[in-house]
There are 2 protein chains.
Amino acid sequence: MSDLCDFPQLLGRQGVKPTVLRLAVLEVLGSSPRALRAQEILETIRAHRRVNKVTVYRILDDFTRRGILRRLALEDRASHYELACEHHPPHPHFQCHHCGQVQCLEPAPLDRMWAELQGPLGNRADRIDIRVEGVCHKCREIS
Amino acid sequence: MSDLCDFPQLLGRQGVKPTVLRLAVLEVLGSSPRALRAQEILETIRAHRRVNKVTVYRILDDFTRRGILRRLALEDRASHYELACEHHPPHPHFQCHHCGQVQCLEPAPLDRMWAELQGPLGNRADRIDIRVEGVCHKCREIS
DNA sequence: ATGCAGATTCAACTGAGTTGCAAGTATAAT
DNA sequence: ATTATACTTGCAACTCAGTTGAATCTGCAT
Ligand SMILES: [Mn+2]
Ligand SMILES: [Mn+2]
Ligand SMILES: [Zn+2]
Ligand SMILES: [Zn+2]
């Protein structure tokens, strides 16, 4: 969703070389309004250049471990990825179980919910993922 | 988590024959304190009888579509399953990213959160999934 | 030019789940 | 009891989304 970030600089701060493919992954995600599957990222890059899928998987994995990307576990078997920079704070997602579309929801309520969940345990919470499942407005019109 | 349900009756209400394997799946899940992977269910049943994995996957799939079970999409690639009967209302889950353990959290805050998420859309929400990721108390002690 | 580390590729593999069809089993007619 | 029918289970082969290890390539420093 909108590339406001300076990707070469972002990689520089992480001590990672801004290679063509690493930048390509970030640019594809930066210009997408929604989270993407590895497969979609691969195909988008391949419209312009030659890439091996292993390279893309390794970049996605590395970036996720570094916190540059977030990996979303949705109902599909394939993970979805999105930028995790300051312009895209963590937020809930909506997935239509009719067309499969994934939408990003507003980040607002997350902090409040975090507090409500701390529960009875000695566990340490690092991250909270909220996924709403239902039927999107487009699919509602059709049926 | 505790088998308070009459499984044969439960299946009867759904118009499904209470076969040995279908009951076995429900009993394994009914006596587990946590959500289980298909693989774990399969192995537990195999301690007592002969089963093909396809049968277990088909039963899990059928039960999930009927609303007898809930399928949880966690960080792992494998789905987890839990009973969805009246004794186990929907609730958030905690997953330790050190040992992978999945814990069920208290169901209380769900309704409140549901309201807060309705957002700017014409979407219809059918279900909300909350997953907290962190380090469980056991893994915290160790490290 | 040469050497080296990191980046990319290739082929082969894994693990979770799916598919189509054959075989088994229960129930219902005859 | 015998057959017909539907439903359930099993088997083999397949798909899909990654993962692994080793080989090559590339940019950069000496
Ligand atoms: Mn998002
Ligand atoms: Mn649970
Ligand atoms: Zn839709
Ligand atoms: Zn743990």
Side-chain angles (χ1 to χ4, degrees), chain A residues 7-8 10-29 35-46 48-66 68-82 95 97 100 102, chain B residues 7-8 11-12 14-28 35-46 48-66 68-82 95 100 102:
Chain A
F7 295 133
L10 172 63
L11 293 182
R13 278 201 299 275
Q14 294 272 342
V16 181
K17 273 185 214 160
T19 67
V20 171
L21 292 178
R22 294 211 251 246
L23 289 172
V25 167
L26 293 177
E27 267 145 30
V28 168
L29 287 171
L36 299 174
R37 285 179 280 270
Q39 192 63 35
E40 298 176 298
I41 297 167
L42 184 63
E43 276 159 18
T44 309
I45 297 177
R46 278 187 174 156
H48 300 291
R49 40 174 34 82
R50 187 166 168 285
V51 217
N52 189 275
K53 67 169 179 171
V54 177
T55 307
V56 170
Y57 280 117
R58 291 214 252 245
I59 290 173
L60 291 172
D61 213 55
D62 180 40
F63 284 4
T64 302
R65 271 184 282 102
R66 290 175 187 280
I68 297 174
L69 301 182
R70 269 188 300 270
R71 190 200 312 267
L72 312 178
L74 306 166
E75 279 296 290
D76 308 289
R77 298 241 275 111
S79 296
H80 286 64
Y81 296 87
E82 64 183 7
Q95 186 167 31
H97 54 231
V102 178
Chain B
F7 295 132
L11 293 181
Q14 293 272 341
V16 181
K17 273 184 213 161
T19 67
V20 171
L21 291 178
R22 293 210 251 246
L23 289 172
V25 166
L26 293 177
E27 267 145 30
V28 169
L36 299 174
R37 286 179 278 271
Q39 192 63 36
E40 297 176 299
I41 297 168
L42 183 63
E43 275 159 20
T44 309
I45 297 176
R46 278 187 174 157
H48 300 292
R49 39 175 34 83
R50 185 166 169 288
V51 217
N52 189 275
K53 66 168 179 172
V54 177
T55 306
V56 170
Y57 280 116
R58 290 211 258 245
I59 290 173
L60 291 172
D61 212 56
D62 180 40
F63 284 3
T64 303
R65 270 184 281 102
R66 291 176 187 279
I68 297 174
L69 300 181
R70 270 188 299 269
R71 190 200 311 267
L72 312 178
L74 305 166
E75 277 297 289
D76 307 288
R77 300 244 277 111
S79 296
H80 286 64
Y81 297 85
E82 64 182 7
Q95 185 167 33
V102 179

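Letters A, B, ... are given to chains in the order of the sequence lines, protein chains preceding strands, and every chain is numbered from 1. Remember, it's a predicted structure, so these values are computed and weren't measured experimentally.
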Where the side chain of [X] is concerned, which of [options] is the nearest nucleotide?
X: A:V54; options: D:dT8, D:dT20, C:dG17; value: D:dT20
X: B:R58; options: C:dT8, D:dT9, D:dG18; value: D:dT9
X: B:D61; options: D:dA17, C:dT18, D:dG10; value: C:dT18

| 5' precedence on DNA chain C between B:R37 and A:T55 (nearest-nucleotide basis) |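 It is A:T55, whose closest nucleotide lies nearer the 5' terminus.
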
What integer distance in Å separates [X]:[atom1] from [N]:[atom2]?
X: B:R22; N: D:dC7; atom1: CZ; atom2: P; value: 11 Å
X: A:Q14; N: C:dG6; atom1: CD; atom2: C1'; value: 17 Å
X: A:R77; N: D:dT19; atom1: CZ; atom2: P; value: 12 Å
X: A:L42; N: C:dT8; atom1: CG; atom2: P; value: 14 Å
X: A:E75; N: D:dA17; atom1: CD; atom2: C1'; value: 16 Å
X: A:R65; N: D:dT19; atom1: CZ; atom2: P; value: 10 Å
X: B:I59; N: D:dC7; atom1: CD1; atom2: P; value: 16 Å
X: A:I45; N: C:dT9; atom1: CD1; atom2: C1'; value: 15 Å

| said: Can you list everything that forms a salt bridge (charged side-chain N to carboxylate O under 4.0 Å, His left out) with B:E43? Sequence neighbours excluded, please. | reply: none

| Contact class for B:K17 vs. all strands (heavy atom < 4.0 Å): base, sugar-phosphate, or nothing? |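 Sugar-phosphate only.
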
| said: By the 4.0 Å heavy-atom rule, please label B:R49 as base, sugar-phosphate, or nothing. | reply: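 No contact.
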
| query | More 5' along DNA chain D: B:R50 or B:G15, using each one's nearest nucleotide? | reply | B:G15

| said: Please enumerate all residues that pass side-chain contact (heavy atoms from CB on, under 4.5 Å) together with A:T44, with sequence neighbours excluded. | reply: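 In terms of side-chain contact (heavy atoms from CB on, under 4.5 Å), with neighbours along the sequence ignored, A:T44 is linked to A:V28.
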
Below 4.0 angstrom from OP1 or OP2 of [N], is there any side-chain N or O of [X]?
X: B:Y57; N: C:dG17; value: yes
X: B:S79; N: C:dA16; value: no
X: B:T19; N: D:dT9; value: yes
X: A:N52; N: C:dC10; value: yes

Would you say [X]'s side chain and [Y]'s backbone share a donor-acceptor pair under 3.5 angstrom?
X: A:N52; Y: A:V54; result: yes
X: A:R70; Y: A:T64; result: no
X: A:R37; Y: A:S79; result: no

